[in-house]
A.B. asks: 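Mind looking over this structure? Questions follow.
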Amino acid sequence: MSLLDSIINGISLGSIYAIIALGYTMVYGIAKMLNFAHGDVIMVGAYVCFFAATRFGLNPLVSVLIAMVVCTLLGITIEKLAYAPLRSAPSLAVLITAIGVSYFLQNLALLLWSPNPKVFPNFFKKIADDGSELTGINLFGGSLRISYVTLVTILVCVVIMVALTVFINNGKLGKAMRACSEDKDTARLMGINVNTTISVTFAIGSGLAAIAGVLLCSAYPTLVPTTGSMPGIKAFTAAVFGGIGSVPGALLGGLTLGVIEILAKAYISTQLSDAVVFAVLIIVLLVKPSGLLGRKINEKV
Amino acid sequence: MKKLGISKASQKAFTTYGVVIAAFAVMQIVGATGNMSSMLKGMLVPICAYVVMAVSLNLTVGVLGELSLGHAGFMSVGAFMGVTAASALRDSGLSAGLRLAIAMVVGALFAGIVGFLVGIPVLRLNGDYLAIVTLAFGEIIKSIFNNMYLGFDKKGFHISLLTDKVSAGLGEGGKLIIGGPMGIGGIQKIATFTAGFILIMICLVVIFNLVNSRAGRAIMAIRDNRIAAESVGIPVTKYKMMAFVTSAAMAGSAGALFALNFSTIVANKFDFNTSILVLVFVVLGGLGNMLGSIIAATALVILPEVLRQFRDYRMLVYAIVLILVMLIRNNPAIKNFTGRFRTGKKGGAEK
């Protein structure tokens, strides 16, 4: 069952990557920028949830909601203060600003919450009849064990994906978002408030980042100020892998990346798993240069 | 200046050489009179290495116009291979300066080869996809060095991945050089400021001559409009590769210089953050502007040290400075204001 085990764990990790990748891919689709600070918003979300749940003893669900609100506000603030003034600036300038914001968040976290790792509590457990704590379910007579965290992660990912697809395809705001990603100037002429739309995109992406942060830290419970950076880079890779700008692409890219990572860890080498993940990415991009589900843009001469 | 028959490009090149030579001379005088603080003294070689990193990345990002997020990977190749060469030659009786030179050449050579291998797949892609693949290569190179064991004895080099099979198999007088995640320890610090200065000058001469040559004009034509360049018969891949490999080789020699200034070096030093740091130098200094890269690299390497009095706040201040500089530089009102003072000059090389 170890293969099945690995695949389930991979899908769970992949779901987290997919949720993070959504933030990257939506912002990229609309604002045409790589939001490098996204990984650090995840970290902030995890910390907020951690303190809400442990220091203030709030209900886990309430803690997650608080984390989402804080991250949403943070996302909007970052966008208004750092990115909005650079709307017409060269894309590299925006990239460097995003890196600056990322450094800022990491170092602020370092000051506020110290570099000492925090152990994230496991919200997903229940008390069994005999009083012991259960953190997962056993299948096939105990040979396959799936933790609640894994189940919840996959479930949450599916819910988010469905909700987001419905929102983007049907809602008025979703339509505005698609219009902006197609052509900002024309969208503006059609009476769409481009700035508001971009802010909403950042808000959604950051809110999702908070959820991803909580799920990530529930599965891997060490929380430090740099917790978000590596998953951030990998999720960004996942977004490119699936075709940046595409929501189903983020899901597919995230899941593939997560499964490959866990399988590489299990069967090749723990230390080289990152190298394997990135090697697969390179091969995919060589065969399909715009990612798995990316739109092929024809060159205009 | 037209009367003297000096082109604008050469003027720019000579200004840059002049500034670097003047800076070197000033540092030498300050050092000779004993007024240099020990903090500054320790930073001279890293500054030189980062300056070379910045100008070489500027060749890729500013002149070739492709965003590379894995430049530290090439620095890492240069560092590890350069130090390996220097350690292998330790008992050869060669002078320290010569060994340093050999280390830098070896570093440049290996980084150039890796750059070529990386370039074959990378340069087929465009834009953000190219950026992410360079990022991926940087991470792969880091992972490999983190798991590589390399030893040296009379029979030559021994290498193994993942587990240390090298130590046991080494002959008499052999030693382990690269020890996986432990990196390289016990490095003889032979890097000097003068060597760093010479390396910067060589890199600048190479870059300015490349940029002002037929090849350089072809590279810039590709940056400005790849399709148009292709349609007039410029072999795009060849020139892209030329710029990319040159840039990688320079990063390799910078890596060798950098590593030989410390007693230990680990692969994690050359991670994604280092690549980004160098990219920050390039963008702050201005794309395609070598002097700008030099000044930005110097200032930003010194800044965190100067901010030491703020202690815990220094990286926070660094981040804020970075954001503010980008916001101010790209503020339309300020751009108009400064634009008035440089009439006749085209508006920057930024994309």
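Every chain is numbered from 1 and lettered A, B, ... according to where its sequence line falls, protein lines coming before strand lines.
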A.B. asks: What part of A:Leu105 lies closer than 4.5 angstrom to a heavy atom of chain B: side chain, backbone, both or neither?
C.D. replies: neither

A.B. asks: Which pair of heavy atoms, one from B:Ala319 and one from A:Gly100, lies closest together, and at what distance?
C.D. replies: CB-O, 3.5 Å

A.B. asks: Which heavy atom of B:Val280 sits nearest a heavy atom of A:Ile96, and at what distance?
C.D. replies: CA-CD1, 3.9 Å

A.B. asks: May I ask you to check whether over 12 heavy atoms, not counting those of B:Phe116, lie within 6.0 Å of atom CZ?
C.D. replies: no

A.B. asks: Please tell me if the side chains of B:Ile141 and A:Phe278 come closer than 4.5 Å, counting only heavy atoms from C-beta onward.
C.D. replies: no

A.B. asks: Examine whether an atom of A:Phe241 lies under 4.5 Å from a heavy atom of chain B, and if so say whether it belongs to the side chain, the backbone or both; otherwise answer neither.
C.D. replies: neither

A.B. asks: Say you draw a straight line from CG of B:Asn146 to CG of A:Asp274; how long is it, rounded to the nearest 0.5 Å?
C.D. replies: 10.0 Å

A.B. asks: Check each atom of A:Ile244 against the heavy atoms of chain B and say whether the ones under 4.5 Å are side chain, backbone, both or neither.
C.D. replies: both

A.B. asks: To the nearest 0.5 Å, how far apart are OG in A:Ser102 and CG in B:Leu322?
C.D. replies: 10.5 Å

A.B. asks: Between A:Leu281 and chain B, with a heavy-atom cut-off of 4.5 Å, which part of the residue counts as in contact: side chain, backbone, both or neither?
C.D. replies: side chain

A.B. asks: Output the distance between atom CE (B:Met326) and atom OH (A:Tyr83), rounded to the nearest 0.5 Å.
C.D. replies: 12.0 Å

A.B. asks: Distance check, rounded to the nearest 0.5 Å: B:Leu69 atom CG versus A:Phe236 atom CZ?
C.D. replies: 7.0 Å

A.B. asks: Kindly state each residue pair satisfying salt bridge (charged side-chain N to carboxylate O under 4.0 Å, His left out) with at least one member in residues 253-263 of chain A, sequence neighbours excluded.
C.D. replies: A:Lys234-A:Glu261, A:Glu261-A:Lys265

A.B. asks: Between chain A and each of B:Leu316, B:Leu284, B:Leu67, count heavy-atom pairs under 4.5 Å; write down the option with the most.
C.D. replies: B:Leu316

A.B. asks: Between CG of B:Leu279 and CD1 of A:Ile99, what distance do you get to the nearest 0.5 Å?
C.D. replies: 5.5 Å

A.B. asks: Answer with side chain, backbone, both or neither: which region of B:Leu324 has an atom nearer than 4.5 Å to a non-hydrogen atom of chain A?
C.D. replies: neither

A.B. asks: Would you check, one step at a time, whether the test side chain to side chain contact (heavy atoms under 4.5 Å, CB included) holds for B:Ile276 with A:Tyr103?
C.D. replies: CA-CA 11 Å; B:Ile276 291 298; A:Tyr103 280 165; 4.1 Å; yes

A.B. asks: What distance separates B:Ile323 CD1 from A:Phe104 CZ, expressed to the nearest 0.5 Å?
C.D. replies: 6.5 Å

A.B. asks: Under a 4.5 Å heavy-atom cut-off, does chain B meet the side chain of A:Leu111, its backbone, both or neither?
C.D. replies: side chain

A.B. asks: Chain B heavy atoms under 4.5 Å from A:Leu86: which part of the residue, side chain, backbone, both or neither?
C.D. replies: side chain

A.B. asks: Which atoms form the tightest heavy-atom contact between B:Phe272 and A:Ile233, and what is the distance?
C.D. replies: CD2-CD1, 3.2 Å

